[in-house]
Trainee: 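One structure, pasted below without further comment.
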Amino acid sequence: MADKKMLNKIALITGGTSGIGFACACRFAAEGAKLVLADLFADKGAEAVAKLEAEYGADVLFVPTDVTLEADMQALGEAIRNTYGRVDAVIAAAGIASGNNPAGTTVEPNPDPEANMVINKPLASWQKVLDVNLTGVMLTNKVMARLMIDAGVQGTIVNIASVAARRPLPGAADYCVSKAGVEMLTKVLSVELMPYGIRVNAIGPGFIETPMTANLRSDNEGNMMVMAMTPMARYGRAEEIASTALFLSTAESSYFGGQILFPAGGMFTG
Ligand SMILES: NC(=O)c1ccc[n+]([C@@H]2O[C@H](COP(=O)([O-])OP(=O)(O)OC[C@H]3O[C@@H](n4cnc5c(N)ncnc54)[C@H](O)[C@@H]3O)[C@@H](O)[C@H]2O)c1
């Protein structure tokens with residue numbers, strides 16, 4: 001028990017029912033954290049809660065939340081305030097890929113790469129990606145940092161960016177720009193929140209085996225592109241991102257602030 005790294009810490013994970021967010025939830029639960037998962041769908045939330053309870057005996061609260069809506073984020077903040085009175089660690093992992101499905105969540109990429117180039121991209125598609133990946137992260141930081149300050153918690157916030165913050169990917173201008181925005185947002189917030197003892201950092205994963213990359217991984221050309229870009233010549237596992245998130249959420253990283261770490265199979269990001 002004693003060496004659990006997050007014993008009795010309250011951790012909020014947005015996008016916590018799938019992929020990287022869920023892997024963070026599992027790792028944090030194993031380390032003794034009490035979890036709040038914020039994600040869109042109640043059925044996926046119930047499934048994630050059941051798994052975490054069964055496998056780790058974790059204390060888990062699921063709050064259906066759309067991170068793009070400030071009212072949802074404020075309600076999430078209130079739910080955490082009422083249940084636990086504080087939050088110690090935040091992982092902002094909710095995100096979507098580029099695509100032409102503005103109503104969707106884990107957007108299916110349009111199979112025609114030309115359709116996603118800026119010259120053809122529907123405005124609604126661009127706006128949806130910026131809303132979820134950048135504004136959603138900003139709102140998460142806004143509400144959760146306020147909660148930390150009110151509760152006198154010197155907590156940690158980890159924003160999930162991407163190697164796309166630094167690498168231009170044709171057909172994914174919205175995604176790249178949203179993630180570059182998350183990197184800079186992290187730096188500004190780090191400076192703003194340092195006086196309160198709140199550390200804000202980011203992670204820029206390479207290509208990771210999650211539902212978000214399912215289409216890419218089932219496509220020969222997509223796989224060839226990923227292998228050519230990734231010196232380790234393999235996809236990363238969500239657990240490898242979770243261990244980076246754990247590092248940035250504990251005192252092991254106590255001298256880090258406003259940094260972005262790239263678990264990306266050796267990919268050069270500059
Ligand atoms: N998989 C990769 O290769 C990769 C690489 C770099 C960065 N990332 C980033 O990691 C994060 C997690 O992605 P993943 O690969 O686990 O994908 P995923 O699709 O498995 O999970 C994303 C989660 O975010 C949730 N979500 C989407 N829109 C939301 C909204 N408006 N409000 C609340 N929740 C919402 C989805 O429901 C889903 O549970 C994303 O920010 C993604 O951009 C992923």
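One-based numbering, in listed order, for ligands and for the atoms of each. No hydrogens, no waters, no symmetry mates; every other heavy atom, side chains included, goes into these values.
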Trainee: Return yes if a side-chain donor-acceptor contact under 3.5 Å exists between Asp59 and Tyr84, otherwise no.
Mentor: yes
Trainee: Tell me the nearest of Ala94, Gly95, Ala161 to atom 7 (C) of ligand 1, using heavy-atom distances.
Mentor: Ala161
Trainee: Applying a 4.0 Å heavy-atom criterion (strictly less than), which segment of Thr213 is in contact with ligand 1: side chain, backbone, both, or neither?
Mentor: side chain
Trainee: Does the side chain of Ser98 come under 3.5 Å of the side chain of Asp174 through a donor N or O and an acceptor N or O?
Mentor: yes
Trainee: Taking heavy atoms and a distance under 4.0 Å, where does Val132 meet ligand 1: side chain, backbone, both or neither?
Mentor: side chain
Trainee: Should Glu183 and Arg166 be marked as a salt bridge (Lys or Arg N to Asp or Glu O under 4.0 Å) after you check the CA-CA gap, both sets of side-chain angles, and the distance that decides it?
Mentor: CA-CA 9 Å; Glu183 183 180 356; Arg166 301 273 182 94; 2.5 Å; yes
Trainee: Decide, yes or no, whether a salt bridge links Asp150 with Arg86 under the criterion of side-chain N to carboxylate O below 4.0 Å.
Mentor: no
Trainee: Here's a test for you: under side chain to side chain contact (heavy atoms under 4.5 Å, CB included), which of Ile157, Val137, Asn159 qualifies with Thr186?
Mentor: Asn159
Trainee: Which option, Met212, Met73, Lys44, owns the non-hydrogen atom nearest atom 13 (O) of ligand 1?
Mentor: Met212
Trainee: Does a side-chain N-to-carboxylate-O contact under 4.0 Å join Asp39 and Lys44?
Mentor: no
Trainee: Which atoms from ligand 1 have a heavy atom of Phe207 less than 4.0 Å away?
Mentor: 3 (O)
Trainee: Say whether Ile208, considering both its backbone and side-chain N or O atoms, lies within less than 3.5 Å of an N or O atom on ligand 1.
Mentor: yes
Trainee: Among Ile13, Thr65, Val63, Val60, find the one that has a side chain to side chain contact (heavy atoms under 4.5 Å, CB included) with Val36.
Mentor: Val63
Trainee: Which bit of Lys179 gets closer than 4.0 Å to ligand 1, counting heavy atoms only: side chain, backbone, both or neither?
Mentor: side chain
Trainee: Please report whether ligand 1 has a polar contact with Val67, defined as an N or O pair separated by less than 3.5 Å (distance criterion only).
Mentor: yes
Trainee: Do the non-hydrogen side-chain atoms of Ile208 and Ile241 ever get within less than 4.5 Å of each other?
Mentor: yes
Trainee: Is there a heavy atom of Thr14 sitting under 4.0 angstrom from any atom of ligand 1?
Mentor: no
Trainee: Does an N or O anywhere in Asn133 fall below 3.5 Å from an N or O of ligand 1?
Mentor: no
Trainee: Need the ligand 1 atom indices (1-based, order shown) with element for anything under 4.0 Å from a heavy-atom of Asp66.
Mentor: 30 (C), 31 (N), 32 (N)
Trainee: Could you tell me whether Glu252 and Lys5 have a side-chain N and a carboxylate O separated by less than 4.0 Å?
Mentor: no
Trainee: For ligand 1, which is the ligand I care about here, please tell me if Pro205 has any N or O atom under 3.5 Å from one of the ligand's N or O atoms.
Mentor: no
Trainee: Taking heavy atoms and a distance under 4.0 Å, where does Thr65 meet ligand 1: side chain, backbone, both or neither?
Mentor: backbone
Trainee: Counting each atom of ligand 1 from 1 as listed, which ones have a heavy atom of Gly19 under 4.0 Å away?
Mentor: 16 (O), 20 (O)
Trainee: Using a 4.0 Å heavy-atom cut-off, which part of Tyr175 comes near ligand 1: side chain, backbone, both, or neither?
Mentor: side chain
Trainee: Between Ser253 and Arg199, does a side-chain hydrogen bond (donor to acceptor under 3.5 Å, both in side chains) hold up when you go through it step by step?
Mentor: CA-CA 9 Å; Ser253 62; Arg199 294 190 299 110; 3.0 Å; yes
Trainee: Report yes if some N/O of Gly21 lies less than 3.5 Å from some N/O of ligand 1; otherwise report no.
Mentor: no
Trainee: In ligand 1, which numbered atoms sit nearer than 4.0 Å to a non-hydrogen atom of Ile20?
Mentor: 10 (O), 16 (O), 44 (C)
Trainee: Mind listing the closest non-hydrogen atom pair of Asn201 and Gly258 along with its distance?
Mentor: OD1-N, 3.1 Å
Trainee: For atom 9 (C) of ligand 1, tell me which residue out of Val226, Ile160, Ile13, Leu216 has the closest non-hydrogen atom.
Mentor: Ile160
Trainee: For ligand 1, is Gly206 a contact, meaning one of its heavy atoms is under 4.0 Å away?
Mentor: yes
Trainee: Ligand 1 versus Thr210, non-hydrogen atoms closer than 4.0 Å: side chain, backbone, both, neither?
Mentor: side chain
Trainee: Is it true that Asp219 and Arg217 make a salt bridge, defined as a side-chain N closer than 4.0 Å to a carboxylate O?
Mentor: no
Trainee: Between Glu240 and Arg234, is the closest basic N to carboxylate O distance under 4.0 Å?
Mentor: yes
Trainee: Check if Pro211 has a non-hydrogen atom at a distance under 4.0 Å from any atom of ligand 1.
Mentor: yes
Trainee: Please could you name the atoms of ligand 1 that Thr17 approaches to less than 4.0 Å, counting only its heavy atoms?
Mentor: 39 (O)
